[in-house]
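Below is one structure, written out as structure tokens; comments come after it.
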Amino acid sequence: MTQAVIDKNRPSPEWIAELRRRFPCETEIDRVLSRKLERRAGPPYAPVTLAQLEAGTQALLKTRLATPFTVRDCRWLSGGASKLQMAFTLDWTPPGGAPTTTPLVLRMEPSEAITETSRLREFQIIKALEGVVPVPPTYWIDAYGEHLPYPAIVYGFANGVTKPTASSSGVSGVGTFMPPEIRETLGQQFVDHLAATHRFDWQRADLSAYDRPAPGTQALEWALNHWERVWEEDAHQDVPLMRLTMAWLRRHMPPVDRISVVHGDYRLGNFLYTEADLKISAWLDWELAYLGDRHEDLSWCAKRPFGHLAEDGKTFLIGGFLSMADFVARYEKASGLKVDPLRMRYYDIFNNYKAVAIVLATGYRAPRNGKTHQDVLVAWITGIAYSLLEELRTQMAEVL
Amino acid sequence: MELRPSFQIPALIKSLTDVVLPAVDPANKLAQEQGQLIVGMLHLMAQRLPLQYRYDCVELDSYLKLAAQLAPQAARIPEAGAALAALTAAADDGRSVLAGAGVEPPALEAANQRLRAAVGALVTAAAATADDAALRAVNTAVMDHAQAQLLRERAWVALQGWEGPASGLPAVETLLVR
């Protein structure tokens, strides 16, 4: 182990090759992680103007549309710590249709993001789930940044809010309070959509950017390799607790009973709902989706930062909606799938490892090299790693 | 601990330069000017921070030399008797502090990083053993260390509010004791 002498800010081809060999993961994930390292020694993220994004969007659409169109009303969208988003309006004529006006969103990567992911995978999974759960309609993709400064997708603008208009919250939806009068309606949809995602028949979908795992532990092995590779690639200071945790995770891999689409970041803050009728209008941020064990989503959405206590001051409400017992009962009824407490505990530990890899390793490395459009926000988020590590420590103390 | 000024300041500069300052009203000259000054001051801080400790040591050393030169001269001036006594005491204190000033912060940080990596590698290597007792001992040591380490790290970032106002975390100053 020679971590201390490796210059992670200028990765050598030999080191990249070694990481690829040590941590085999899905083909497309390997591609984006390798690309990240190959580009790392290059320039930092350069600010992109709305005019540049508008021009890039027009260039992309010229290759996709045979009839005249107009891109107008471009404006920035905030939200999220990972990607740049521009809302715009498109006057166009869909193939075989009549002239129309469509509100759209361009979602583009920065040079390096706090989560380095594939636009192609994100595009495919959202398209696959259209009609299964509320998702924005997908339109076009610039998978390799041929027209825009970086890879990007274009999808429909979904109306709604991520939290009650009157509510306050921290970065990325953490700490949002859901008032009692909206919990039942939104909470049931929160469960139903998760159940529908996990029951979705992905075998028939066009998910060519996803490797199809064999039954057993292959999906989990790929996921462990993915996140340990991210840790190795990006961490500045080693954390022995992370080493100990990964060794435990590898020793105790539970076989999956059913391979599901896993959202990867299913939680409060990652869906929009319309306040007038309390309908979830769109599930967002599918970039971490993969084919694996549903318990990752189940334990992730139940994490403390993504919920709050009920009025009794004792009962934790998942997503600010439901107690754990209520959540599990409703999920099992809606999905017909069991919630296994042992796998919940395993994936709770897995999720903390993954979260720490994201916020402490990549959350350090990307702004360290000036690679994002919001370095100050990503650097700020790094601070949450120590609470996550403390939770991980208490979890490990229970299982060792 | 990753949240240190050498990591934070460049992120502040980039945010101010790329996002915040271009959005400041060009007609608000006061805000424009102070925004530029903030960026300039942060650049100065980022550049000088790694040298701060060395600078202070050099400065102390130079004042000790000056005090050594002044003392015999002051001894010939009766009016400076009390001042000389104070100078002598301050110089004694300064020599003691300078003698205790060891390596510079970047070397300390680098040593920490090397040791962290070495411990991490050992933990990974130990996980392959069939000797359960040895593995348990390694795990216990790592877990005990993590508890104290994480308390310091959580206290360091407590102001960010991740654990809420009732976190009960001690002031970090109380934890920085060897």
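A note on names: the letters A, B, ... follow the listed sequences, proteins ahead of strands, and every chain is numbered from 1.
Note on A:Glu112 versus A:Lys8: no salt bridge recorded, every NZ/NE/NH1/NH2 to OD/OE distance being 4.0 Å or above. Under the 4.0 Å criterion applied to side-chain N and carboxylate O atoms, B:Arg54 and B:Asp56 are not assigned as salt-bridge partners. A:Glu228 and A:Arg250 are joined by a salt bridge, as a carboxylate oxygen and a charged side-chain nitrogen come within less than 4.0 angstrom of each other. Between A:Glu233 and A:Arg365 there is no salt bridge, since no side-chain nitrogen of the basic residue lies less than 4.0 Å from a carboxylate oxygen of the acidic one.
For a residue to count as touching a neighbouring chain, one of its non-hydrogen atoms must lie under 4.5 Å from one of that chain's; by this rule A:Leu241 touches chain B with backbone and side chain alike. For B:Leu135, the part sitting under 4.5 Å from any heavy atom of chain A is the side chain, from C-beta outward, and nothing else. Using a 4.5 Å cut-off between heavy atoms, B:Gln149 makes no contact with chain A at all. Only the side chain of A:Arg251 comes within less than 4.5 Å of a heavy atom in chain B; its backbone stays farther off. Both the backbone and the side chain of B:Glu153 have a heavy atom closer than 4.5 Å to some heavy atom of chain A.
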TODO: Apply side chain to side chain contact (heavy atoms under 4.5 Å, CB included) to A:Gln52 and A:Thr49, showing your working.
DONE: CA-CA 5 Å; A:Gln52 286 173 292; A:Thr49 64; 3.3 Å; yes
TODO: Could you give me the CA-CA distance, side-chain angles and deciding distance for A:Tyr386 and B:Trp162, then say whether side chain to side chain contact (heavy atoms under 4.5 Å, CB included) is met?
DONE: CA-CA 9 Å; A:Tyr386 304 106; B:Trp162 301 112; over 6 Å; no
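Counting heavy-atom pairs closer than 4.5 Å to chain B, the top-ranked of the candidates A:Gly383, A:Pro240, A:Gly363 is A:Gly383. In terms of heavy-atom pairs under 4.5 Å with chain B, the best-connected choice from A:Ser387, A:Ala247, A:Pro367 is A:Ser387. Comparing B:Asn139, B:Asn112, B:Val119 by heavy-atom pairs within less than 4.5 Å of chain A, the highest count is held by B:Asn139. Heavy-atom pairs under 4.5 Å with chain A were tallied for B:Arg136, B:Glu163, B:Met143; the largest tally goes to B:Met143.
By the 4.5 Å heavy-atom criterion applied to side chains, B:Ile38 and B:Met41 are not counted as neighbours.
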